[in-house]
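Working notes, beginning with the structure itself.
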There are 2 protein chains.
Amino acid sequence: MRISELARTAGLSLPTVKYYLRLGLLPAGRAVSATESRYGDQHLRRLRLIRALRDVVGLPIDRVAAVLSAIDEPSDTAYDTLGRAVGALSTSSPGQPGDEGPAAGEFPLARTAIDALGWTYDPEYPAVGQLQAALAAAADVGVPMEPDRLATMGEHVLAMAEFDLSRMPPEPDAAIEYAVLGTALHEPVLLALRRLAHQHLAARS
Amino acid sequence: MRISELARTAGLSLPTVKYYLRLGLLPAGRAVSATESRYGDQHLRRLRLIRALRDVVGLPIDRVAAVLSAIDEPSDTAYDTLGRAVGALSTSSPGQPGDEGPAAGEFPLARTAIDALGWTYDPEYPAVGQLQAALAAAADVGVPMEPDRLATMGEHVLAMAEFDLSRMPPEPDAAIEYAVLGTALHEPVLLALRRLAHQHLAARS
DNA sequence: AGTGGCTGGATAGCGATACTATCCAACATA
DNA sequence: TATGTTGGATAGTATCGCTATCCAGCCACT
């Protein structure tokens with residue numbers, strides 16, 4: 001498959017595919033001469049992944065690149081790889097001018113919430129910062145997360161997470177990719193379902 | 001409160017506040033002379049809301065404007081207002097060149113999923129399109145939503161939605177705002193909790 | 001009455017993001 | 001040999017979300 005066919009099949013313009021190649025999001029094809037390379041199914045899948053992360057999950061290109069490189073080059077430990085990859089998904093950390101915050105203990109709302117749920121509090125994890133920001137914003141604007149609402153949400157989220165974990169493939173490499181893609185691509189599903197559930201309940205009342 | 005104090009209190013630059021005024025996101029202050037207006041708490045709250053919708057929920061400015069105007073100018077029926085406001089939150093519908101799709105029956109995956117859950121299928125509702133896109137993307141990329149995963153998610157999401165509904169204020173006006181803000185601002189909380197739950201479970205295994 | 005600073009209003013510019021367009025010489029294919 | 005595509009490079013474009021500048025009016029203070 002030549003590059004123009006790849007682009008056409010993926011529904012992208014040829015310059016766009018070249019752009020992704022240039023950025024390293026898409027690995028180069030198998031060079032067949034100085035002016036021709038061949039691309040395969042893996043490239044097509046890669047393009048679909050890129051577009052899904054961009055269009056459906058809403059990640060900016062550089063975040064997509066970080067996710068892909070985390071998947072491609074596993075770290076020493078699986079835990080570390082996963083942290084790196086999921087960290088790259090963080091949607092809300094442009095960060096203050098300073099640095100990415102090793103300013104631990106700066107997440108009082110998140111800490112309180114996590115303690116109330118009896119979960120593990122680790123300020124290094126980006127989701128803690130996200131939780132803090134989300135809780136603060138909700139409270140600021142007049143729709144705070146009351147303890148019982150938080151408890152309800154926590155209970156159901158934990159149940160869903162247990163399901164996810166039970167489905168994780170046993171092989172470490174596959175598990176990483178599964179975890180990252182599942183984290184990212186099931187989020188829009190979850191949000192859409194929540195809105196539909198609201199709609200469903202509102203309509204029948 | 002003058003505009004410069006408003007900007008300082010809200011943590012925004014003065015040109016930014018002027019920009020929001022210009023776009024109509026922030027209502028004009030009470031004019032006190034040709035060159036001075038006064039702003040109150042409502043303006044401060046509005047600015048916080050704008051920033052929360054932008055920074056935490058991640059909406060582009062024009063979507064923020066649509067949400068605010070839906071809240072500000074209720075339609076004839078509350079149902080309609082709510083639909084308009086929540087529709088404005090849709091994160092993934094730049095739409096094809098054609099039009100916004102009255103192409104009903106175009107959401108097979110969503111339809112199957114909603115039928116399996118026994119919920120109400122209404123293709124007019126934007127969340128249906130989102131669900132379709134999300135399911136298609138997940139399947140495309142190799143992490144499909146299997147029926148039992150969908151059933152699990154649906155069950156828990158429905159339980160959370162029931163809690164939300166039980167907490168809705170009785171007065172119609174307040175209910176609209178509550179519903180819109182709750183929909184928007186609790187989403188980031190939900191996502192952060194999901195990631196934390198994964199983290200919590202992964203850490204203890 | 002004079003001076004400095006802030007105001008509403010308008011317009012222009014800027015930096016980042018995500019492409020898109022153009023050009024080129026080296027080939028491939030017919 | 002004619003036509004077309006390729007990899008590679010560079011420059012241009014559109015949009016977004018501000019940001020900067022300018023202006024004349026006006027207020028508060030001296």
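Lettering follows sequence order; numbering is per chain, from 1.
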**Asked** To the nearest Å, how far apart are B:M1 CE and C:dG8 P?
**Response** 13 Å
**Whole angstrom value for the distance that separates C1' of C:dA18 from CG of A:L21** = 16 Å
**Request:** Check the distance between C:dC6's C1' and B:E5's CD and give it to me in whole angstrom.
**Result:** 13 Å
Could you list the donor-acceptor pairs under 3.5 angstrom formed between side-chain atoms of residues 179-190 of chain B and any protein atom two or more places apart in sequence or on another chain?
from   : atom 1 : to     : atom 2 : distance (Å)
B:T183 : OG1    : B:A179 : O      : 2.7
B:H186 : NE2    : A:V143 : O      : 2.9
B:E187 : OE1    : A:R195 : NH2    : 3.2
B:E187 : OE2    : A:R195 : NE     : 2.8
B:E187 : OE2    : A:R195 : NH2    : 3.0

**Item:** Where at least one partner belongs to residues 31-52 of chain B, residue pairs that pass ring pair (Phe, Tyr, Trp, His ring centres under 6.0 Å), sequence neighbours excluded
**Value:** B:Y39-B:H43
**Asked** In the 5'-to-3' direction, what one-character label does each nucleotide of nucleotides 12-30 of chain D receive under the scheme B = base within less than 4.0 Å of a protein heavy atom, S = sugar-phosphate only, - = no such atom?
**Response** -----BBB-----BSS---
**Item:** Qualifying residues under ring pair (Phe, Tyr, Trp, His ring centres under 6.0 Å), relative to B:Y20, sequence neighbours excluded
**Value:** none
Identify each donor-acceptor pair in which a side-chain atom of residues 131-140 of chain A lies under 3.5 Å from a protein atom, sequence neighbours left out, and give them as a table.
from   : atom 1 : to     : atom 2 : distance (Å)
A:Q132 : OE1    : A:L109 : N      : 2.9
A:Q132 : OE1    : A:A110 : N      : 3.0

**Item:** Whole angstrom value for the distance that separates C1' of C:dC6 from CZ of B:R8
**Value:** 11 Å
**Request:** Apply salt bridge (Lys or Arg N to Asp or Glu O under 4.0 Å) to B:R38 and list each qualifying residue two or more places apart in sequence or on a separate chain.
**Result:** B:E36
**Message:** Could you tell me how far apart B:L14 (CG) and C:dT7 (C1') are, to the nearest whole angstrom?
**Reply:** 9 Å
**Asked** Taking CG from A:L25 and P from C:dT17, how many angstroms apart are they, rounded to a whole number?
**Response** 14 Å
